[in-house]
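Okay, structure first, notes after.
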Amino acid sequence: MTGQNEGMPFDYSPVALRLVDALLEVGTPAHIANAFARVPRHRFLPRTYWDEDRTRHDRDTDPAAWLAAAYTDRALTTQFDDGAGSGRGVPTSSSSAPAVMARMLAAADLHPGHTVLEVGTGTGYNAAVLCELVHRAGVTSIDIDQGLVETATANLHAAGYRPTVLHGDGENPPLPPGALDRLIATCTVSALPWRWLDLVRPGGRIITPWAPGPGLPGGMLAVLDLDDGGRASGRFEGGLSFMWARGQRRPSRPAPSPGAPAEHTGQVAGDPRQDWLDGERALLLSLLVPDWGYGMRMETGAVEPHVWIGSTSCSSWLRLHADGRVESAGPRRLWAEFTDALVWWKAQGEPDLSDFGLTVDRGNALQRVWLGNPHTPVWTTHRTPA
């Protein structure tokens, strides 16, 4: 196979250097920013891709605009609906924004000689940057999508990079235990795969977008260090939203059926939806209260949509209306859980996302969100033992 963009008639270096300047301005370490200057991003993009606002960029119709957009610090969608058909439905693969990539690479604390696994090959662009940061023989990348693997491999070879690229399930990579110094996931997970703990040697690090569950707002960047007892633990380094690992998507959210009768109806001052309409506050609530998903729905005759919240651990749900009504059903007192959690959060001094962290404990088959340090848990989820 040959690379999609072999023979590009452009000198990309001026736009690439502008991208490097932009990365340096946001605090990217110089050695990482310079790696981006050596990797031609356009070599890893298809002839057509979409910008963050779904603007279509077509190399054949406007090659100059296509190239310029390739070197912006923006995520570029390269696949919809797992590659099925030609529609523009749900984005399922992208070339991540370079500043986001750089943030994850900085968190990985990479050094020449490290062995690194990237879960989620995508276009191959991140694998190429990894090759610039560690010895090329130490980079392995895996993707569940055969088509993406083939295209990324061609892109990498055309650009002069030859990491090991595997087709397979990134949650269960076919590598020997203790093979890795670093594992970097470019997809969001909620249940950190037990297999990852096997692959990374004690003292190594896992860097992954993490969220408490699908159907919740955004996610966090989890930077987890491995100990010799089968545990991975570390703080979140702020918010970060990636596409979900395919094996951890859920087919539907726990929404109450339209018109489901409420068992209880209360009235609060103000608009009870506000915390869920604010993405940052909703993300905070996902750390404070476990096991829920949410969304919006417009009822017949309503002027504004209501926010619904559904438990993922039982049949409980809430409907929050603009006029102050709070409707609920089921055994969980969800509204009380959220209001009590916010009272507790304020009593702790209103800590931000980076004050929270995650521990994944294989021996005790649990995941725990904590505040400040692992000995002050916020909540714990027990999982099926590996």
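Quick caveat, the model's predicted, so the values are computed rather than measured.
- Note that CG of Leu240 is 12.0 Å distant from CD1 of Ile207, once rounded to the nearest 0.5 Å.
- Remark: side-chain polar atoms of Glu237 are not paired, donor with acceptor, to backbone N or O of Ser354 under 3.5 angstrom.
- A donor-acceptor contact closer than 3.5 angstrom is absent between the side chains of Thr381 and Gln367.
- Cluster membership for Leu24 and Leu19, using ILVMFWY side-chain heavy atoms within less than 4.5 angstrom, is not shared.
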- Task: Test Leu371 against Trp345 for side-chain contact (heavy atoms from CB on, under 4.5 Å), laying out the working first.
- Result: CA-CA 10 Å; Leu371 175 63; Trp345 172 72; over 6 Å; no
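- In summary, Asp51 and Arg56 do not engage in a salt bridge, as defined by a charged side-chain N under 4.0 Å from a carboxylate O.
- Across all non-hydrogen atoms, the minimal contact from Val149 to Leu166 is CG2-O, 3.6 Å.
- Looking only at atom types and distance, the side chain of Arg59 has no donor-acceptor partner in the side chain of Thr48 under 3.5 Å away.
- Here the side chains of Val223 and Phe236 are not in contact, with every heavy-atom distance at 4.5 Å or above.
- Evaluation of the ring-ring contact (aromatic ring centres under 6.0 Å, His included) rule for Trp317 yields no partner, not counting sequence neighbours.
- Other cluster members for Leu148: none, since no ILVMFWY side-chain heavy atom sits under 4.5 Å from it.
- In this structure, CZ on Arg74 lies 5.0 Å from CG on Asp53, to the nearest 0.5 angstrom.
- A 4.5 Å side-chain heavy-atom check between Thr123 and Gln79 finds every atom pair outside the cut-off.
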- Apply salt bridge (charged side-chain N to carboxylate O under 4.0 Å, His left out) to Asp145 and Arg246, showing your working. CA-CA 10 Å; Asp145 188 311; Arg246 294 193 185 181; 3.1 Å; yes
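- Side-chain atoms of Glu327 never come within 3.5 Å of backbone atoms of Thr265 as a donor-acceptor pair (strictly under, hydrogens ignored).
- Listed by first then second residue, pairs satisfying ring-ring contact (aromatic ring centres under 6.0 Å, His included) with a partner in residues 91-119 read His111-His114, not counting sequence neighbours.
- Ring planes of His306 and His321: tilted class, angle from 30 to 60°.
- Atom CZ of Arg297 is surrounded by more than 12 heavy atoms from other residues, nucleotides or ligands within 6.0 Å.
- The backbone N or O of Asp352 sits less than 3.5 Å from a side-chain atom of Asp355, completing a donor-acceptor pair.
- Rounding to the nearest 0.5 Å gives a distance of 5.0 Å between OG1 of Thr77 and CE of Met243.
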- Item | Worked check of salt bridge (charged side-chain N to carboxylate O under 4.0 Å, His left out) between Arg201 and Asp181 | CA-CA 6 Å; Arg201 59 179 58 100; Asp181 295 296; 2.5 Å; yes
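- Once rounded to the nearest 0.5 Å, the distance linking NE2 of His42 with CG of Asn155 reads 10.5 Å.
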- Task: Apply side-chain contact (heavy atoms from CB on, under 4.5 Å) to the pair Tyr125 and Ser95, showing each step before the final yes or no.
- Result: CA-CA 7 Å; Tyr125 180 46; Ser95 176; 3.7 Å; yes
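- Glu280 CD: 12 or fewer foreign heavy atoms inside a 6.0 Å radius.
- Criterion: ILVMFWY side-chain heavy atoms under 4.5 Å apart, direct or through other members. Under it, Trp344 and Trp370 are not part of a common hydrophobic cluster.
- Contact of the Thr140 side chain with the Thr115 side chain is not registered, since no non-hydrogen atoms from C-beta on lie closer than 4.5 Å.
- Annotation for Pro377 and Arg368: closest pair CB-CD, 3.3 Å, computed over non-hydrogen atoms.
- Side-chain atoms of Thr28 come within 3.5 Å of backbone N or O of Leu23 as a donor-acceptor pair.
- Nearest approach of Gly372 to Arg235, heavy atoms of both residues: O-NH2, 2.8 Å.
- Within the 4.5 Å cutoff, side-chain heavy atoms of Pro173 are placed close to those of Leu117.
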- Query: Checking side-chain contact (heavy atoms from CB on, under 4.5 Å) for the pair Glu132/Tyr161: CA distance, chi angles, key distance, verdict?
  - Reply: CA-CA 9 Å; Glu132 292 285 348; Tyr161 300 97; 2.6 Å; yes
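- Minimum heavy-atom separation, Ala211 to Gly218: CB-O, 3.7 Å.
- In this structure, the separation between CD1 on Ile32 and CG on Leu110 is 7.0 Å, given to the nearest 0.5 Å.
- Remark: of the listed residues Tyr49, Tyr71, Trp50, Trp66, Tyr49 is the sole one forming a ring pair (Phe, Tyr, Trp, His ring centres under 6.0 Å) with His57.
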- Evaluate side-chain contact (heavy atoms from CB on, under 4.5 Å) for Leu320 paired with Trp335, printing each intermediate quantity in order. CA-CA 10 Å; Leu320 310 178; Trp335 182 249; 3.8 Å; yes
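- Closest heavy-atom contact between Gly324 and Pro272: CA-CD, 3.6 Å.
- A salt bridge is defined here as a Lys NZ or Arg NE, NH1 or NH2 lying under 4.0 Å from an Asp or Glu carboxylate O, and Arg195 with Glu171 fails to meet this definition.
- Val360 and Trp244 are members of different hydrophobic clusters when ILVMFWY side chains are connected at heavy-atom separations under 4.5 Å.
- Taking CD1 of Ile144 as the start and OG1 of Thr121 as the end, the distance is 11.5 Å to the nearest 0.5 Å.
- Ile309 and Leu284 fall within a single hydrophobic cluster, where Ile, Leu, Val, Met, Phe, Trp and Tyr are joined by side-chain heavy atoms under 4.5 Å apart, directly or via other members.
- With a 4.5 Å cut-off on side-chain heavy atoms, Ser286 and Pro212 count as touching.
- Linking Ile, Leu, Val, Met, Phe, Trp and Tyr whenever their side-chain heavy atoms come within less than 4.5 Å puts Val129 and Val15 in one cluster.
- A donor-acceptor pair shorter than 3.5 Å cannot be found between the side chains of Ser311 and Ser316.
- Between the Glu52 side chain and the Leu76 main chain, no donor and acceptor come within less than 3.5 Å of each other.
- At a threshold of 4.0 Å, the pair Glu304-Arg273 counts as salt-bridged, since one of the basic side-chain nitrogens sits closer than that to a carboxylate oxygen.
- Proximity of Leu192 to Leu197: side-chain heavy atoms (C-beta onward) are separated by under 4.5 Å at one or more points.
- Among Trp292, Phe338, Tyr294, the single residue meeting the side chain to side chain contact (heavy atoms under 4.5 Å, CB included) criterion with Leu318 is Phe338.
- Salt bridge annotation for Asp60-Arg47: present, with a cationic side-chain nitrogen under 4.0 angstrom from a carboxylate oxygen.
- Side-chain contact between Leu277 and Met296 is present, with heavy atoms from C-beta onward closer than 4.5 Å.
- Defined by atom type and a distance below 3.5 Å, a donor-acceptor pair is missing between the side-chain atoms of Asp361 and Thr359.
- Remark: the backbone N or O of Leu183 is not paired with any side-chain donor or acceptor of Glu118 at under 3.5 angstrom.
- Within the 3.5 Å criterion, the main-chain N or O of Thr153 finds no donor-acceptor partner in the side chain of Arg162.
- Using a 4.5 Å heavy-atom threshold, the side chains of Leu288 and Val369 count as separate.
- Residue Leu353 comes nearest to Gly238 through the heavy atom pair CD1-C, 4.3 Å, listed as atom of the first residue, atom of the second, then distance.
- Of the possible donor and acceptor atoms, none in the side chain of Thr188 sits under 3.5 Å from a partner among the backbone N and O of Ala245.
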